[in-house]
Amino acid sequence: MNKQRMYRIVHYAILILLSLATLLPVLWVVLSSFKPQSELFRVPLTFIPQDWTLENYVSSLAAGNFPVYFSNTVFVAVVSTAITVLINLMAGYALAKYIFKGRDIIFTVMIATLMIPLQVIMIPIFLQLKSLGMLNSLWGIIIPPAATPTGVFLARQYLVTLPNSLIEAARIDGAREHTIFFRLILPMSKPIVATIAIFSFMWRWNDYLWPLIVITDNRKQTIQQALANFVGQLQINWSDLLAMTTIAIIPVIIVFLAFQRFFFSGIAAGSVKG
């Protein structure tokens, strides 16, 4: 066995062990959601349930307005992801392919905003939403973070790599700017679209702080607020909580698996210096 093959075996073995170590807590949560309450605290602890049950899922779905919270979160995550992808890609396209005065300054200032913590701008955004009458509304969660500096940066860096000759050829053929963007640029940007979509969906799905600030109506809360509210002051039903958590994990896994073949190529292309 040559050294190169031995190196590959060791390399993949380390990656597999690191992957298992990362997935172990997730697997424990999923498997524990099928355990009865008594088995969760049984000594010695069991990784695989000895008494499988679906009662945790039945009781958690029946508790409170969990289906409403879930549907609210799906609406927020899907709509905000679609808006974020569109805005970031359009902004990235303008910064990558249009030449205008102050373009580099705008791009630099936009990147500089990455150093501003969210907590610093929460109060101004809250006051702005109040003046617009968007408090206690799902749109108040969706609209403010629609354009993200990270998404615009990745989109711009990817679109810089696309040849200008294709755009010029489309303009010579009489195509308008919106036609070029939606018929030419958007289909060619699947890797970076998938990358931004994954980041945006995971962020919106797991966001807790901003919905907590904006939403006061119980029926408009998101699933992360529901999980936090399910933790009682005196006692916690861990079996139901683990079942709710498992249900909350599933959409994120589905989105990642659906776009993973574009994800790594989008990250690699988005990191190219333009």
> Is it true that Phe75 and Trp139 have ring centroids separated by less than 6.0 Å?
yes

> Does some side-chain heavy atom of Leu89 sit less than 4.5 Å from a side-chain heavy atom of Phe181?
yes

> To the nearest 0.5 Å, what is the distance between CG (Leu162) and CG (Asn164)?
9.0 Å

> Assign the ring pair Tyr98 / Tyr93 to parallel, tilted or perpendicular, where the plane angle (0 to 90°) is split at 30° and 60°.
perpendicular

> Compare all side-chain heavy atoms of Asp104 with those of Phe107 and state whether any distance is below 4.5 angstrom.
no

> Are side-chain heavy atoms of Leu86 and Phe182 found at a separation under 4.5 Å?
yes

> Phe70 and Trp205: aromatic ring centres closer than 6.0 Å?
yes

> Apply side chain to side chain contact (heavy atoms under 4.5 Å, CB included) to Leu209 and Met122, showing your working.
CA-CA 10 Å; Leu209 182 58; Met122 276 185 175; 2.9 Å; yes

> Would you check if the side chain of Ser33 reaches a backbone N or O of Thr246 as a donor-acceptor pair within less than 3.5 Å?
no

> So, Ser239 side chain and Gln37 main chain: donor-acceptor pair closer than 3.5 Å or not?
yes

> When you group the ILVMFWY residues by side-chain heavy-atom contacts below 4.5 Å and let the links chain together, are Val109 and Ile121 in the same group?
no

> Kindly say whether Ala77 contributes a backbone atom to a donor-acceptor pair with the side chain of Ser80 at under 3.5 angstrom?
yes

> Do Asn218 and Val68 pass the side chain to side chain contact (heavy atoms under 4.5 Å, CB included) test, and can you show the C-alpha distance, the side-chain angles, and the key distance before you say yes or no?
CA-CA 10 Å; Asn218 184 52; Val68 176; over 6 Å; no

> Counting heavy atoms not belonging to Leu20, are there more than 12 under 6.0 Å from its CG?
yes

> Using the rule that Ile, Leu, Val, Met, Phe, Trp and Tyr join whenever any side-chain heavy atoms are under 4.5 Å apart, tell me whether Leu135 and Tyr208 fall into a single cluster.
no

> What's the verdict on side chain to side chain contact (heavy atoms under 4.5 Å, CB included) for Asp207 and Val76, showing C-alpha distance, side-chain angles and the deciding distance?
CA-CA 10 Å; Asp207 191 15; Val76 169; over 6 Å; no

> So Leu24 and Phe47, side chain to side chain contact (heavy atoms under 4.5 Å, CB included) or not? Walk me through it.
CA-CA 10 Å; Leu24 188 62; Phe47 187 75; 3.7 Å; yes

> Less than 4.5 Å apart, side chain to side chain, heavy atoms only: is that true for Ile213 and Phe126?
yes

> Do you know which two heavy atoms are closest between Leu159 and Gly92, and how far apart they sit?
CD1-C, 3.6 Å

> Side chains of Asp240 and Ser59 only: does a donor on one sit below 3.5 Å from an acceptor on the other?
yes

> Please tell me whether Leu212 and Trp210 are part of a single hydrophobic cluster in this structure, the criterion being side-chain heavy atoms less than 4.5 Å apart.
no

> Can you see whether Asn72 engages Lys220 through a side-chain donor-acceptor pair at a distance of less than 3.5 angstrom?
no

> So which heavy atom on Ile247 is nearest to which on Pro251, and how close?
O-CD, 3.2 Å

> Quick check: are there more than 12 heavy atoms from other residues, nucleotides or ligands sitting under 6.0 Å from CD1 of Ile48?
no

> Which atom pair, heavy atoms only, marks the closest approach of Thr222 to Pro211?
OG1-CB, 3.9 Å

> Side-chain heavy atoms under 4.5 angstrom apart, residues restricted to Ile, Leu, Val, Met, Phe, Trp, Tyr: same cluster for Trp203 and Val78?
no

> Taking the side chain from Glu39 and the backbone from Gln50, do they hold a donor-acceptor pair closer than 3.5 Å?
yes

> Under a 3.5 Å distance rule, please check whether Asn136 uses its side chain to pair with a backbone N or O of Asp217 as donor and acceptor.
yes

> Distance check, rounded to the nearest 0.5 Å: Ile141 atom CD1 versus Gln221 atom CD?
9.5 Å

> Find the distance between CD1 (Ile143) and CD (Gln128) and round it off to the nearest 0.5 Å.
12.5 Å

> Within the 4.5 Å heavy-atom criterion, are Thr245 and Leu227 side-chain neighbours or not?
yes

> Do Val85 and Phe199 come within less than 4.5 Å of each other through their side chains, counting heavy atoms only?
no

> Atom CZ in Phe100, atom CG in Leu95: separation rounded to 0.5 Å?
5.5 Å

> Which other residues belong to the hydrophobic cluster containing Leu15, where Ile, Leu, Val, Met, Phe, Trp and Tyr are joined when side-chain heavy atoms lie under 4.5 Å apart, directly or via other members?
Tyr12

> Are any of the side-chain heavy atoms of Thr84 and Arg204 separated by less than 4.5 Å?
yes

> Return the minimal non-hydrogen interatomic distance between Gly151 and Ile196, and the atom names on each side.
O-CD1, 3.5 Å

> Identify the two heavy atoms, one from Tyr57 and one from Ala243, that lie closest to each other, and give their separation to 0.1 Å.
CE2-O, 3.7 Å

> I'd like to know whether CG of Leu18 has more than 12 heavy-atom contacts from other residues, nucleotides or ligands below 6.0 angstrom.
yes

> Check the surroundings of atom CE in Met202: do more than 12 heavy atoms from other residues, nucleotides or ligands lie under 6.0 Å from it?
no

> Which residues pass the salt bridge (charged side-chain N to carboxylate O under 4.0 Å, His left out) test with Glu177, sequence neighbours left out?
Arg171

> Does a side-chain heavy-atom distance below 4.5 Å link Asn88 with Phe153?
no

> At what distance, to the nearest 0.5 angstrom, does CD1 of Ile106 lie from CD1 of Ile111?
12.5 Å

> So, for Met110 and Pro149, which heavy atoms are closest and what is the spacing to 0.1 Å?
O-CB, 3.6 Å

> Give a yes or no on this: more than 12 heavy atoms of other residues, nucleotides or ligands lie within 6.0 Å of atom CZ of Arg183.
no

> Let me confirm one number: the CD1-OG distance from Ile215 to Ser137, rounded to the nearest 0.5 Å.
6.5 Å

> Side-chain heavy atoms nearer than 4.5 Å, only ILVMFWY residues, links allowed to pass through others: does that put Val120 and Val214 together?
yes

